[in-house]
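These notes are about the structure you will find just below.
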There are 2 protein chains.
Amino acid sequence: MKTVTQDRPYSQTLTRLREAGLRPTRQRLALGRLLFDGGDRHVTAEALHEEAQAAGVSVSLATVYNTLHQFTEAHLLREVVVDSARTYFDTNVSDHHHFFLENSGSLMDIDGNKIAITGLPQAPDGTDVARVDVIVRLQGTPRAAE
Amino acid sequence: MKTVTQDRPYSQTLTRLREAGLRPTRQRLALGRLLFDGGDRHVTAEALHEEAQAAGVSVSLATVYNTLHQFTEAHLLREVVVDSARTYFDTNVSDHHHFFLENSGSLMDIDGNKIAITGLPQAPDGTDVARVDVIVRLQGTPRAAE
DNA sequence: TCTCATATTTAGAATTATTCTAAGGTGTTG
DNA sequence: CAACACCTTAGAATAATTCTAAATATGAGA
């Protein structure tokens with residue numbers, strides 16, 4: 001008896017796209033699968049594009065950009081601003097923060113429940129806090145870790 | 001009796017440049033004065049360039065970039081990464097964090113002594129914490145504030 | 001299944017911030 | 001004030017991202 005998961009490798013992504021009101025095109029399914037099958041990931045547009053090529057998925061860089069932005073609007077991804085040179089997209093959309101390895105340009109999640117920030121001043125009148133980002137910038141190379 | 005400050009408007013910047021081992025050229029003095037005479041500031045290269053032009057200081061955009069980077073290396077400025085579209089430089093180099101007004105693209109300091117972050121996981125083996133940045137992203141427009 | 005309106009993809013041009021290059025100008029030191 | 005290393009600069013070059021407009025694919029309905 002075959003497992004259901006093997007029969008429907010795209011199912012998770014398909015459902016996510018449907019729920020987001022995005023047509024499940026070949027490109028979006030393939031990119032969605034690369035992004036969501038497996039653990040949490042941090043990607044740049046260029047990196048995802050190369051990964052798609054390597055996986056034999058033909059998709060233009062423009063579409064990678066479009067898709068990443070659409071996924072972000074649909075809250076399937078979120079943008080992480082850590083480096084003014086490039087934009088990172090994070091598949092973990094829950095409350096969390098980041099370690100940023102400045103040498104390699106890679107990111108690691110810090111669970112949002114684990115840390116607490118106290119003493120934050122009130123937001124100015126007329127404004128609302130959209131989000132609080134904590135970025136721990138690291139120097140050096142981690143031993144035996146991704 | 002004239003005040004000393006009036007007689008030597010550049011003195012502070014001159015001293016800072018000397019201490020940083022940077023030649024006090026016309027451009028660096030002028031940009032330094034724009035940056036450091038007055039309270040804490042957050043500027044982009046483009047904005048500082050325009051400001052210099054408006055003040056009648058002839059300086060190229062390339063020099064503005066060079067100078068901002070040299071000042072940053074000399075710890076007279078620090079870079080703030082909040083927006084992937086442009087780089088901000090902050091004249092406040094003491095321990096602090098930021099409110100970022102996403103509508104206007106402006107920054108406000110949050111005193112580093114006022115806030116505390118607890119529960120941060122250890123940095124991975126082989127790495128050191130270079131800095132912790134907290135960015136509070138705000139939506140909306142503050143009433144009567146810069 | 002076929003058709004059609006609409007959404008999507010795409011190549012390539014355009015944009016934008018930033019960096020580079022190489023040539024001429026300036027500050028400092030002896 | 002000569003000499004040299006450091007600076008500035010115009011303009012070209014780069015790199016990430018967005019735009020454009022034309023071609024293609026999708027989903028709904030007959």
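Residue numbering restarts at 1 for every chain, and letters A, B, ... go by the order of the sequence lines.
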Going through the checks in order, is the salt bridge (Lys or Arg N to Asp or Glu O under 4.0 Å) test met by A:Arg78 and A:Asp133?
CA-CA 12 Å; A:Arg78 83 175 219 201; A:Asp133 288 329; 3.8 Å; yes
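When rounded to the nearest whole Å, the span between CG of B:Leu61 and P of C:dT18 equals 9 Å. At whole-Å resolution of the value, CD in A:Glu73 and P in C:dA7 are 15 Å apart. A:Leu22 places its CG atom 15 Å from the P atom of D:dT26, with the value rounded to the nearest Å. We find that CZ of B:Phe89 is positioned 7 Å from P of C:dT18, with the value rounded to whole Å. Regarding A:Gln53, its CD atom lies at a distance of 15 Å from the P atom of C:dT9, rounded to whole Å. Atom C1' of nucleotide D:dA15 and atom NE2 of A:His49 are separated by 15 Å, given to the nearest angstrom. Atom CZ of B:Arg86 is separated from atom P of D:dT17 by 15 Å (rounded to the nearest Å). Distance CG (A:Asn66) to C1' (C:dA11): 13 Å, rounded to an integer number of Å.
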Listed pairs under 3.5 Å, donor-acceptor, residues 69-77 of chain A side chains, sequence neighbours left out:
{"residue": "A:His69", "atom": "ND1", "partner": "A:Tyr65", "partner atom": "O", "Å": "3.2"}
{"residue": "A:Gln70", "atom": "OE1", "partner": "A:Arg28", "partner atom": "NH1", "Å": "2.9"}
{"residue": "A:Thr72", "atom": "OG1", "partner": "A:Leu68", "partner atom": "O", "Å": "2.7"}

Side chains of residues 113-120 of chain B: which donor-acceptor partners sit under 3.5 Å, not counting sequence neighbours?
none

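The closest side-chain donor-acceptor pair between B:Asp109 and B:His98 falls under 3.5 angstrom.
An OP1 or OP2 oxygen of C:dA7 is reached within less than 4.0 angstrom by no side-chain nitrogen or oxygen of A:Gln70. When the side-chain nitrogen and oxygen atoms of A:Ser60 are compared with OP1 and OP2 of C:dT10, one or more of them lie within a distance under 4.0 Å. Proximity of B:Tyr65 to the phosphate of C:dT18: a side-chain N or O atom is located under 4.0 Å from OP1 or OP2. Contact between the side-chain N/O atoms of A:Arg28 and the OP1/OP2 oxygens of C:dT9 is found at a separation under 4.0 Å.
At the heavy-atom level, A:Thr87 lies under 4.0 Å from the strands shown only through sugar-phosphate atoms. Residue-level contact check: B:His69 touches the backbone only, with heavy atoms under 4.0 Å from sugar-phosphate atoms and none from bases. Using a 4.0 Å heavy-atom criterion, one finds that A:Thr67 contacts no nucleic acid atom at all.
Comparing A:Gln27 and A:Glu46 by the nucleotide of DNA chain D that holds the closest heavy atom to each, the one mapping nearer the 5' end is A:Glu46.
The CG atom of A:Leu35 sits 9.5 Å away from the CZ atom of A:Arg16 when rounded to the nearest 0.5 Å. Atom CZ of A:Phe100 and atom CD1 of A:Ile135 lie 9.0 Å apart (nearest 0.5 Å).
The residues B:Glu79 and B:Arg131 are annotated as not salt-bridged, no charged nitrogen and carboxylate oxygen being separated by less than 4.0 angstrom.
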When every nucleotide of nucleotides 22-30 of chain C is labelled 5' to 3' by its protein contacts under 4.0 Å (heavy atoms), B for base, S for sugar-phosphate only, - for none, what sequence of letters results?
----BBS--
